[in-house]
Amino acid sequence: MEIRQLKTFWTLASTRSFSQTAQLLNYVPSTVTMQIKALEEELGVKLFDRLGKSVALTEAGAQFLPYANKILNDVEEAKCVSGNSGELRGTVAIGADETLCTYLLPTLLRRFREDYPNVRLLFRPLPSQHLRQSVRDGLVDLVFMLDEPIVSSDLHVEEVREETFLMVASPDHRLASHNSINVADLHNEHILLTEKGCSYRTYFYQSLLKKGADSLTELEFSSIEAIKQCVMAQLGISLLPEMAVRHELQEGKLVSLPWDISEIRFCTQLLWHEEKWISPTLQAFIDLALAELKK
């Protein structure tokens, strides 16, 4: 078993793509295939299921992943202890949900690439409900989450910034001119929701029910951009992060409705495993993220 095989295995488990893994490791795709095949033969198990152009970890692959991750972390730590060069290298694997991927992180990731050109950034958009487990499984080094303040016994949590949420509608919506809104005003309203598993979707819907809202029609979307387009087309109203609707509000394409959400507290948080060794490269990313996003 070779370190390069473990690195290829870990990268493929993160990207779920032979071509992307080859690109990140500067291999041709056949080299990735060859290394994974050799590792599977040595272990005597199948690590991946090939699903067309993508791959998925088998049960054996999922069980092997934490061990590979630990070995690679130990090797990286040993290199840093014994190395003489101060230049940062290596890979930082990041996970985040669609909202943060789209509206918050691009500037940070660009800045990090500019400051540390020899570090590879491996970025994985993930559903909200999978983010914490991806850190526990070693699929990523750290994740950004938009959620209520998280308390965890095995994950280190850094609150980065509080986020504002707004109930939004089209300027031509029947509620747009109201100075106040009560539950009765929402009777027979179409509520546009993000996909199940999204923390603020759950809060929003439960808060409506607690306040006595009924006869609501739910429309579920996997994309906030799709929700915004439908809200602008007067298909309903939605609760969305202010960061996602800032431009539309400024341009008058959306309006904020006077719905009391003072009881909600959500924030962007940065999580990594408590037992993970923080390499100088990973520490540089964490430091930059906290400095840039807390501005």
On a heavy-atom basis, which atom in [X] and which in [Y] lie closest, and how many Å separate them?
X: Leu88; Y: Pro280; answer: CD2-CB, 3.8 Å
X: Ala176; Y: Pro171; answer: CB-O, 3.3 Å
X: Ile224; Y: Pro241; answer: CD1-CD, 4.4 Å
X: Ala284; Y: Phe112; answer: C-CE1, 4.1 Å

More than 12 heavy atoms of other residues, nucleotides or ligands under 6.0 Å from [atom1] of [X]: is that the case?
X: Lys253; atom1: NZ; value: no
X: Lys228; atom1: NZ; value: yes
X: His247; atom1: NE2; value: no
X: Glu114; atom1: CD; value: yes
X: Glu59; atom1: CD; value: no
X: Gln23; atom1: CD; value: no

Salt bridge or not for [X] and [Y], using N-O below 4.0 Å?
X: Lys37; Y: Glu40; result: no
X: Glu98; Y: Arg124; result: no
X: Arg161; Y: Glu159; result: no

Please set out all donor-acceptor pairs under 3.5 angstrom arising from side-chain atoms of residues 146-153, sequence neighbours excluded.
from   : atom 1 : to     : atom 2 : distance (Å)
Asp147 : OD1    : Ser199 : OG     : 3.4
Ser152 : OG     : Asp154 : N      : 3.3
Ser152 : OG     : Asp154 : OD1    : 2.8
Ser152 : OG     : Leu155 : N      : 3.1

Verify the cluster assignment for [X] and [Y]: are they in a single hydrophobic cluster under the rule of side-chain heavy atoms below 4.5 Å apart?
X: Leu126; Y: Val55; answer: no
X: Val143; Y: Leu122; answer: no
X: Leu72; Y: Leu47; answer: yes
X: Met34; Y: Leu24; answer: no
X: Val160; Y: Tyr103; answer: yes

Heavy-atom check, side chain of Leu6 versus side chain of Phe64, under 4.5 Å: yes

Validation row: Gln229, Val231 side chains within 4.5 angstrom (heavy atoms):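 No, too far: nothing below the 4.5 Å cut-off.
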
Donor on one side chain, acceptor on other, Thr11 and Thr21, under 3.5 Å: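 Checked: Thr11/Thr21 side chains show no N/O donor-acceptor pair below 3.5 Å.
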
Pair Ser19, Ser17: side-chain N/O donor-acceptor within cut-off below 3.5 Å: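 Ser19 vs Ser17: donor-acceptor pair found between side chains.
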
Contact list for residues 150-172, test ring-ring contact (aromatic ring centres under 6.0 Å, His included), sequence neighbours left out: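 Only His156-Trp272, Phe165-Tyr200, Phe165-Phe266 qualify under ring-ring contact (aromatic ring centres under 6.0 Å, His included).
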
Donor-acceptor pair, side chain of Asp141 and main chain of Ala93, under 3.5 angstrom: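 Checking the backbone N and O of Ala93 against the side chain of Asp141, a donor-acceptor pair under 3.5 Å is found.
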
Glu2 backbone acceptor or donor facing Gln5 side chain under 3.5 Å: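 Judged by distance alone, yes, a pair lies under 3.5 Å.
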
Pair Arg174-Glu189, salt bridge (Lys or Arg N to Asp or Glu O under 4.0 Å): steps then yes or no: CA-CA 10 Å; Arg174 64 182 179 84; Glu189 185 57 68; 3.0 Å; yes

Arg246/Glu251 under salt bridge (Lys or Arg N to Asp or Glu O under 4.0 Å): CA gap, chis, key distance, verdict: CA-CA 9 Å; Arg246 184 177 299 124; Glu251 295 171 358; over 6 Å; no

Residue among Leu166, Ile181, Val168 satisfying side chain to side chain contact (heavy atoms under 4.5 Å, CB included) with Leu257: Ile181

Ring centre gap for Tyr116 and Phe285 strictly below 6.0 Å: no

